[in-house]
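All chains are named by letter (A, B, ...) in the order of the sequence lines, taking the proteins before the strands, and each is independently numbered beginning at 1.
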There are 2 protein chains.
Amino acid sequence: MSKILVGNHIRKLRFNHNEMTQQQLADKVGVTRQTIVALEKGNYSPSLELAFRIAHAFGLPLEEVFFYGDDTSQ
Amino acid sequence: MSKILVGNHIRKLRFNHNEMTQQQLADKVGVTRQTIVALEKGNYSPSLELAFRIAHAFGLPLEEVFFYGDDTSQ
DNA sequence: CCATTATGTAAAGTAAACTTGACACTAAGT
DNA sequence: ACTTAGTGTCAAGTTTACTTTACATAATGG
């Protein structure tokens, strides 16, 4: 048990950002929509490279989009 | 061409940190020494989770250990 | 109604991260 | 000379990130 150690605020940020859709974000960072779905659902954590691109897409530092720890406190 | 988009300061940081060896860092973050070698050499970029653990091992925010962009300016 | 848009899900495949085990080289110590 | 610690490297294997294709559902608007 206890698998996922990295969480993110992608879903919240999409809505704070022009109501950006999963597809739009996916296109912007160069992955498929399914990848965004999986990240929002917490199925797995992204590569560091993708994490940087997503943070950049929101104009935020990486650690304001992704956080370490089994959540709680975010 | 142009593959690696994420660089790091691991090697420098190891020496600024108790002259930590590759093996010690590997143990501390829970990977093998070969993984540290590969990261220092830039063979590939780590998972986001490992990146967080490495930054934590140095007591630094992630973006002071890893940086996005084909280097230059770091 | 029917079409479209946004989202969820799932199976099978490729690619990249990471492991295991093994060997080689250099530097330092005895 | 011999040993040990630290590092580099390589090949083969497993695991995880990510793709492709496909189908399902709810919400909206004509």
Rounded to whole Å, CG of B:L48 lies from P of D:dT16 at a distance of 16 Å
Heavy-atom nearest nucleotide on DNA chain D taken for B:V37 and for B:S47; more 5' hit belongs to B:V37
From the candidates C:dT7, C:dG21, C:dC18, the one with an atom nearest any side-chain atom of B:P46 is C:dC18
Between OH of A:Y44 and C1' of C:dA15 the distance, given in whole Å, is 12 Å
When rounded to whole Å, the CD to P distance for the pair A:E19 and D:dA27 reads 16 Å
Q.
Please tell me if B:Q22 has a side-chain N or O lying less than 4.0 Å from either OP1 or OP2 of D:dG8.
A. yes
* Side-chain N or O of A:T35 less than 4.0 angstrom from OP1 or OP2 on D:dT19? -> yes
All heavy atoms of A:E40 vs all of A:R14, minimum pair found to be OE2-NE, 2.6 Å
Between CD of A:Q23 and P of D:dT20 the distance, given in whole Å, is 12 Å
C:dT9, OP1 or OP2 - any side-chain N/O from A:K41 closer than 4.0 Å? yes
_Between B:Y68 and A:H56 (judged by ring centroids, cut-off 6.0 Å), do the two rings come close enough to count as a pair?_
no
Is the shortest side-chain heavy-atom distance between A:I10 and A:L25 below 4.5 Å?
yes
| Is the phosphate of C:dA16, meaning OP1 or OP2, less than 4.0 Å from a side-chain N or O of B:S45? | no
Rounded to whole Å, CD1 of A:I10 lies from P of D:dA17 at a distance of 13 Å
Whole-Å distance, B:M20 CE to D:dA5 C1', equals 17 Å
Whole-Å distance, B:R14 CZ to D:dA5 P, equals 17 Å
Looking only at heavy atoms, the pair that brings B:R53 and B:G30 closest together is NH2-O, 4.5 Å
Atom CD of B:E49 and atom C1' of C:dA17 are separated, to the nearest Å, by 12 Å
Looking at every strand, decide which applies to A:V31 at a 4.0 Å heavy-atom threshold: base, sugar-phosphate, or nothing.
sugar-phosphate
* Looking at every strand, decide which applies to B:T21 at a 4.0 Å heavy-atom threshold: base, sugar-phosphate, or nothing. => sugar-phosphate
| said: Can you confirm whether or not the ring centre of A:F67 sits under 6.0 Å from the ring centre of A:H9? | reply: yes
| said: Taking only side-chain N and O atoms of B:R11, does any of them lie within less than 4.0 angstrom of OP1 or OP2 on D:dG8? | reply: yes
**Message:** Looking at the base of C:dT7, is there any donor atom on it, or on the side chain of A:E40, that sits under 3.5 Å from an acceptor on the other one?
**Reply:** no
